[in-house]
Undergrad: 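This is the structure I want to talk about, given as structure tokens.
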Amino acid sequence: MGNLSKLVKKMGLWRKYIFLLLLRSPFDAFRTWLSANLMKSIFSCLETDNSGALLKICIVCGLLCAMLFVYNGIIWAKYAAFSAKVEIWLQKKMFEKIVSLPLWRIDSRFSGEWITRLNSDIQAAFTMMNGPLNIPHLVVAVLNTMLSCFLMLKSSLLFLGITWMFAIPQLVINYKIVLKFIPKLKEQSQNAMAENTSAIKPLLTDADAILLYDAKELMMKNCAEHSRRLMKINLKMHVRRAISDVGMRLFGMGGYLMILFTGYRFIFNGAMVFSDVVYCFQVRGSVLSGMFMLITCLNNLKANSVCIKRINDTLEE
């Protein structure tokens, strides 16, 4: 995050960026509150056979959903214009900086590394700032998770405890398996991509010389080795993320079954009504979705932060 804040401050868009993030952040939290109360009100009306109140509730919720949809569309339209401005600025500044470097600095790195910095690194930085499941959704996930926990706390402390009893192991597994290793693997992947690009380039630019000296097999073998190394590094990242996803699904289903059986006991003993249990299920889903989104965003930010650092290093050379 420190590298990102440094980059955004260089662009002079820090305040506008924060303002847009704050405008976007209440959407999921308000939708969680609206959905949970709608489900609770519907089942409460069904239990009391109050069809008149049910119609009013549906009309009010429909109007609120329409307003929320319009608000979200306006904010994302503003955000799209901001995103385009960010991408143009990054590409322009990076190109100007690379062109202005002395020849010995250009020759000190593989040509593929400069191409990687100018293309994939900028794309990663753009994705980190504005793309799905990165900074924008991280802010949304934090606010949505906090509100969902507060709503469940007001309804049932026990259900909130069960939710986090199964959620905390997911966070620990994700940290131990993914977050600790992804940045290093991502950096290795970027370096391997630069080497692979440099290995492929002579096949395109020096094809005549390669054919003249009968070095085709040697060059192809070199490209295959670099491509295989890049594939193995990317495969390691995918395997770690897959293990994290499996853990999230297993613990998520375990928590669901635990709350289901506990809710059944409460209803059977008269401690809760069915509408209250439905409300807790709805809010629990928002807690978990917010947490899953948070985990995914952290994984993506860890991976993309390497590219942000490389961009800052290039601009400061």
Undergrad: Going from CE on M94 to CH2 on W89, what distance comes out if it is rounded to the nearest 0.5 angstrom?
TA: 10.0 Å
Undergrad: Testing the basics here: between M39 and Q282, what is the closest heavy-atom pair and its distance to 0.1 Å?
TA: CG-OE1, 3.7 Å
Undergrad: Side-chain contact test, heavy atoms from C-beta onward, threshold under 4.5 Å: evaluate it for L21 versus Y79 and give yes or no.
TA: yes
Undergrad: Starting at CD of Q188, measure out to NZ of K232 and round the result to the nearest 0.5 Å.
TA: 13.0 Å
Undergrad: Quick one: does S148's side chain have a donor or acceptor within less than 3.5 Å of a partner on N144's backbone?
TA: yes
Undergrad: Kindly give the heavy-atom pair with the smallest separation between L160 and C149, and that separation in Å.
TA: CD2-O, 3.8 Å
Undergrad: Is it the case that the side chain of S41 and the backbone of L38 share a donor-acceptor pair, with hydrogens and angles ignored and the cut-off at 3.5 Å?
TA: no
Undergrad: Consider only side-chain heavy atoms of I, L, V, M, F, W and Y, link residues closer than 4.5 Å, and tell whether F261 and I162 are in one cluster.
TA: yes
Undergrad: Taking all atoms of both residues into account, what is the closest heavy-atom pair of Y71 and L23, and its distance?
TA: OH-O, 2.5 Å
Undergrad: When clusters are formed by joining ILVMFWY residues with side-chain heavy atoms under 4.5 Å apart, either directly or through shared neighbours, do L294 and V140 land in the same one?
TA: no
Undergrad: Could you report the tightest heavy-atom contact between V139 and S25, atom names first, then the distance?
TA: CG1-CB, 3.6 Å
Undergrad: Should I243 and I168 be regarded as members of a common hydrophobic cluster, given that ILVMFWY residues are connected when their side-chain heavy atoms come within less than 4.5 Å of each other, either directly or indirectly?
TA: yes
Undergrad: Can you tell me how far OG1 of T32 sits from CG of N37, rounded to the nearest 0.5 angstrom?
TA: 11.0 Å
Undergrad: List the atom of A36, the atom of V283, and the distance in Å for their closest heavy-atom pair.
TA: CB-CG2, 3.7 Å
Undergrad: For the rings on F159 and F266, is their centre-to-centre separation under 6.0 Å?
TA: yes
Undergrad: When you compare the side chain of F27 with that of I75, does any pair of heavy atoms fall below 4.5 Å?
TA: no
Undergrad: Sequence neighbours excluded, which residues qualify as ring-ring contact (aromatic ring centres under 6.0 Å, His included) partners of W164?
TA: none
Undergrad: Given D28 and R31, is the side-chain contact (heavy atoms from CB on, under 4.5 Å) satisfied, shown in steps?
TA: CA-CA 5 Å; D28 279 28; R31 187 181 60 180; 3.6 Å; yes
Undergrad: Indicate the ring-plane relationship of F281 and Y256, choosing parallel, tilted or perpendicular according to the 30° and 60° boundaries.
TA: tilted
Undergrad: Crowded around M165 CE? As in, over 12 foreign heavy atoms under 6.0 Å?
TA: yes
Undergrad: Between CG of L22 and OH of Y17, what distance do you get to the nearest 0.5 Å?
TA: 11.0 Å
Undergrad: Can you confirm whether M253 sits close enough to F166 that some side-chain heavy atom of one is under 4.5 Å from a side-chain heavy atom of the other?
TA: no
Undergrad: Are L250 and V239 connected in the hydrophobic side-chain network, where two residues link if heavy atoms are under 4.5 Å apart?
TA: no
Undergrad: So, the side chain of S155 versus the backbone of M152: is there a donor-acceptor pair under 3.5 Å, distance only?
TA: no
Undergrad: Please indicate whether E96 has more than 12 foreign heavy atoms, meaning atoms of other residues, nucleotides or ligands, lying under 6.0 Å from its CD.
TA: yes
Undergrad: Could you grab the distance from atom OG of S286 to atom CE of M291, nearest 0.5 Å is fine?
TA: 12.5 Å
Undergrad: So, taking the atom named CD1 in I259 and the one named OG1 in T163, what distance separates them when rounded to the nearest 0.5 Å?
TA: 3.5 Å
Undergrad: Contact between W33 and L151 at the side-chain level, heavy atoms closer than 4.5 Å - yes or no?
TA: yes
Undergrad: State, to 0.1 Å, how close I122 and L90 come at their nearest heavy-atom pair, and which atoms those are.
TA: CD1-O, 3.8 Å
Undergrad: As a quick check of understanding, evaluate side-chain contact (heavy atoms from CB on, under 4.5 Å) for D276 and K40, giving each step before the final call.
TA: CA-CA 6 Å; D276 291 331; K40 180 178 180 179; 3.2 Å; yes
Undergrad: With side-chain contact (heavy atoms from CB on, under 4.5 Å) as the criterion, how do N134 and C297 come out once you've worked through the C-alpha distance, each side chain's angles and the decisive distance to 0.1 Å?
TA: CA-CA 5 Å; N134 277 272; C297 290; 5.8 Å; no
Undergrad: Is it the case that one hydrophobic cluster holds both M258 and V277, taking links as side-chain heavy atoms less than 4.5 Å apart, direct or via other members?
TA: yes
Undergrad: Are K236 and I233 side-chain neighbours, meaning at least one heavy-atom pair lies under 4.5 Å?
TA: no
